[in-house]
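Here it is, the structure, as structure tokens.
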Amino acid sequence: MAESKAKPLSFSTTIRNPERIPSFLKCILPYEGKVLTSKIIHEIVKNVIREKEYTPVCVSRRPDLRAVLKDEDRTYDEKQLEIIIEMSPQNHKEAGFEAGWDSRFDTWYKMIKEFGFIKYEMGEPIVITQTGHMLVDAYMEKPSNDRKIQLVYLNALMKYQTNNPLRKNLNENAPLPLLLRVIKYFHDDSEENDAGLARHELPILICWGNNDAYEVYQYIKEIRKEVGFACSDEYIYERCLEILKSDNRKYLKIEKICHEAVDEYIRKMRMTGLLSLRGNGRFLDINSFEKELAEYVMNNYMNYPKFKSSNDYIDYMGVVDKQILQIEVHSTTDFSDIRKKTLYRYAAEMGRENVKKELQIVCDKKESKDNILKYINAPTRLEFLTSIALVQSYEGLDVNPNYAVDDEGLPTYTASGGVADIECYDDDYDSYFEVTLMCGRAEQVNNEIIPISRHLREAKADRRLESFAVFIAPVIHSDTREAAEWQNMKYKVDILSFSVDEFLAAIEKSNKASQLLTI
């Protein structure tokens with residue numbers, strides 16, 4: 001057995017975006033209760049590839065497979081799935097699993113297991129835990145219940161331990177409660193700023209060996225006295241090597257500790273909704289809207305039970321703390337005010353070409369390099385960027401997005417059901433914008449056009465007759481346009497359908513939102 005060493009906190013980047021975790025859980029759900037064997041893994045692998053959650057390189061080399069990949073309404077048939085698997089031998093080995101696809105399966109699901117959503121071992125029944133089922137159920141709601149998803153992630157991360165039985169790490173702490181408590185110490189210190197922890201200070205937390213928040217606070221405070229905030233990567237890197245008692249620079253690379261691990265740390269911690277980014281992403285701080293939840297986590301999870309058995313650990317992780325479901329978001333500020341203030345600030349500061357580029361990045365499912373946008377999940381980022389584009393394009397248009405925000409006014413998750421993603425008002429018309437990354441026929445027609453028509457009819461009856469709706473997606477299915485035309489014929493409602501490229505071209509040609517009706 002490999003000897004445990006002090007290691008930096010490392011979350012798997014196999015499933016980088018949190019919205020993919022419930023998708024992977026959905027793929028394994030039909031096999032709950034079945035004993036995990038290579039045969040069952042083979043079926044789960046087919047499900048993951050069928051759902052296009054994982055695409056081997058060979059798919060792009062065959063026109064027939066590539067055509068299925070690009071069409072969201074098509075899925076690979078059984079013969080194609082077997083061909084894909086056969087053409088993609090996995091040069092991969094994980095402990096406890098045979099090399100190849102068995103080990104690839106473990107790579108996909110290892111972090112999901114560590115978060116307590118699933119329990120599996122070769123030769124044992126597959127178990128989806130209480131929190132795993134909650135996550136899938138919230139994801140499957142139409143629209144998805146993003147607040148519940150956020151709380152499930154909070155449940156996982158407030159319990160998560162660096163030295164859990166699924167890891168070999170001499171470092172021993174609860175990363176989220178430790179982070180929150182260290183930030184609180186700085187808030188309570190009148191000599192310090194009130195913005196939280198600087199990004200370059202986070203590697204200290206990532207490498208820290210115990211759960212003594214006061215000790216970490218004092219350590220970082222000494223660094224601030226010595227070098228202030230003008231701190232180089234090299235300086236922090238040397239400090240981290242000292243903390244880890246290691247000079248293994250080949251394994252502990254500066255880029256990994258000071259950049260890659262920090263990005264993943266911020267991404268995972270912000271999944272909980274408890275953290276805000278300040279100073280254009282330079283500081284990580286407690287989201288004051290979630291102060292009560294943050295206090296609950298600090299008060300109840302700084303001291304935590306320890307486990308030798310992985311089964312006992314997953315059982316602990318997989319049960320939801322119902323108290324967190326009862327604590328509501330609180331603010332002394334009107335959410336719509338801070339949301340709007342931040343939106344209009346970004347519209348003033350971001351160049352129009354940059355907004356266009358970022359819209360294309362999110363629609364192409366690529367990763368943003370922007371210091372803030374890269375930490376906003378893709379569906380929410382699409383709503384944010386579309387709102388910015390509308391503010392920039394139409395002077396005098398009152399743009400009101402409905403995505404949830406933190407205390408910086410930055411989006412945390414998408415608009416809830418029952419309201420338009422973005423409501424806009426001017427002298428001529430009320431306009432309602434709905435955006436989605438879904439490009440399949442069923443998703444666009446059933447989940448978008450029909451509800452849009454219903455909401456638009458209600459708006460025309462209750463608020464203003466001169467109203468129209470705009471539906472935006474990366475690609476518009478031909479049946480979606482036909483469904484929108486049918487709604488117009490049946491109910492006399494105007495629903496415009498634009499691909500993102502068409503939308504960008506249309507707003508460049510128009511001076512008022514209502515002119516979209518004639519383009």
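All residue numbers refer to positions in the sequence shown, counting from 1.
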I83 side chain near Y76 side chain, heavy-atom distance below 4.5 Å:
no
Shortest non-hydrogen contact from I44 to I28?
CD1-CG1, 3.5 Å
Report all side-chain donor-acceptor pairs from residues 252-259 shorter than 3.5 Å, counting only partners two or more places apart or in another chain.
unit_1: K253; atom_1: NZ; unit_2: K250; atom_2: O; d: 2.7
unit_1: H259; atom_1: NE2; unit_2: D233; atom_2: OD2; d: 2.6

Can the ring centres of F24 and Y54 be said to be less than 6.0 Å apart?
no
Taking all heavy atoms of Q360 and all of D501, pick out the closest pair and write down the distance.
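For Q360 versus D501, the nearest heavy atoms are NE2-OD1, 3.7 Å.
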Could you walk me through whether F471 and V435 pass the side chain to side chain contact (heavy atoms under 4.5 Å, CB included) test, one step at a time?
CA-CA 6 Å; F471 174 62; V435 302; over 6 Å; no
Looking at E94 and K110, is there a salt bridge between them, counting it only when a charged N and a carboxylate O are closer than 4.0 Å?
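Result for this pair is yes, salt bridge flagged.
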Would you say that P177 contacts M298 through its side chain, given a criterion of any heavy-atom pair below 4.5 Å between the two side chains?
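A side-chain contact under 4.5 Å is absent here.
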NZ/NE/NH1/NH2 to OD/OE distance under 4.0 Å, E43 and K39:
no
With under 30° as parallel and over 60° as perpendicular, where do the rings of F503 and F498 fit, or are they tilted in between?
tilted
Quick test of your reading: applying side chain to side chain donor-acceptor pair (under 3.5 Å), list the pairs with at least one residue in residues 61-73, sequence neighbours left out, ordered by first then second residue.
R62-D64, D73-H477
Is it true that a side-chain atom of S144 and a backbone atom of M140 form a donor plus acceptor pair closer than 3.5 Å?
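Side chain of S144 to backbone of M140, a donor-acceptor pair under 3.5 Å: no, none is there.
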Does the side chain of K168 come within less than 4.5 Å of K7's, by heavy atoms?
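Heavy-atom side-chain distance check passes, below 4.5 Å.
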Contact check, side chains of L29 and V136, non-hydrogen atoms, under 4.5 Å
yes
Would you find more than 12 non-hydrogen atoms of other residues, nucleotides or ligands less than 6.0 Å from M438 atom CE?
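Open: at most 12 neighbouring heavy atoms sit under 6.0 Å from CE of M438.
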Is there side-chain contact between I21 and Y109, with heavy atoms separated by less than 4.5 Å?
no
Do you see a donor-acceptor pair shorter than 3.5 Å between the side chains of Q161 and Y313?
no
Can we say R267 and E264 salt-bridge, meaning some charged N sits less than 4.0 Å from an Asp/Glu carboxylate O?
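Between E264 and R267 there is a salt bridge, with a charged N closer than 4.0 Å to a carboxylate O.
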Among pairs that include at least one residue of residues 146-157, which meet salt bridge (Lys or Arg N to Asp or Glu O under 4.0 Å), considering only residues two or more places apart or in two chains?
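Sorted pair list: R147-E290.
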So, D407 and S276: side-chain donor and acceptor under 3.5 Å apart, yes or no?
yes
Do the side chain of K159 and the main chain of V319 share a donor and acceptor less than 3.5 angstrom apart?
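Yes, the answer is positive, given that a donor and an acceptor are paired below the 3.5 Å cut-off.
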Given side chains that start at C-beta, do those of Y265 and R270 come closer than 4.5 Å, heavy atoms only?
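Counting from C-beta outward, Y265 and R270 never come under 4.5 Å.
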Do T162 side-chain atoms and N171 backbone N/O form a donor-acceptor pair below 3.5 Å?
yes
Could you pull out the closest heavy-atom pair between L9 and A261, with the gap in Å?
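Looking at all heavy atoms of both residues, the shortest contact is O-CB, 4.5 Å.
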Would K119 and E124 pass as an ion pair if we require N to O under 4.0 Å?
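E124 and K119: not salt-bridged.
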Do the side chains of H42 and W101 get nearer than 4.5 Å, heavy atoms only?
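The answer is no, as the side chains (C-beta and beyond) never meet within the 4.5 Å cut-off.
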Near-ring test Y304/Y316, centroid separation under 6.0 angstrom
no
All heavy atoms of D321 vs all of M158, minimum pair found to be CB-CE, 3.6 Å
Please test Y160 against Y153 for ring-ring contact (aromatic ring centres under 6.0 Å, His included), starting from the C-alpha separation and ending with a verdict.
CA-CA 10 Å; Y160 184 85; Y153 286 135; over 10 Å; no
Test side chain to side chain contact (heavy atoms under 4.5 Å, CB included) on V68 and V59 and set out the steps.
CA-CA 9 Å; V68 177; V59 171; over 6 Å; no
Which heavy atom of D285 sits nearest a heavy atom of R278, and at what distance?
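The answer is OD2-NE, 2.8 Å.
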Using modelled atom types only, decide if a donor and an acceptor are shared between the side chain of D364 and the backbone of K366 within a distance under 3.5 Å.
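Pair absent, no side-chain N/O of D364 close to backbone of K366.
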Within the supplied structure, the quantity of interest is the number of heavy atoms (other residues, nucleotides, ligands) at a distance under 6.0 Å from K93 NZ; does it exceed 12?
yes
No-hydrogen, no-angle side-chain donor-acceptor test under 3.5 Å, D106 and Y120
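Yes.
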Under 4.5 Å between any side-chain heavy atoms of E78 and R50, yes or no?
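Of all side-chain heavy-atom pairs linking R50 with E78, at least one is under 4.5 Å.
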May I ask you to say whether E502 pairs ionically with R481, meaning some side-chain N is under 4.0 Å from a carboxylate O?
yes
Can you see which heavy atom on C363 is nearest to which on V500, and at what distance?
SG-CG2, 3.2 Å
For the backbone of I84 and the side chain of S88, can you confirm whether one donor and one acceptor N or O come within less than 3.5 Å of each other?
yes
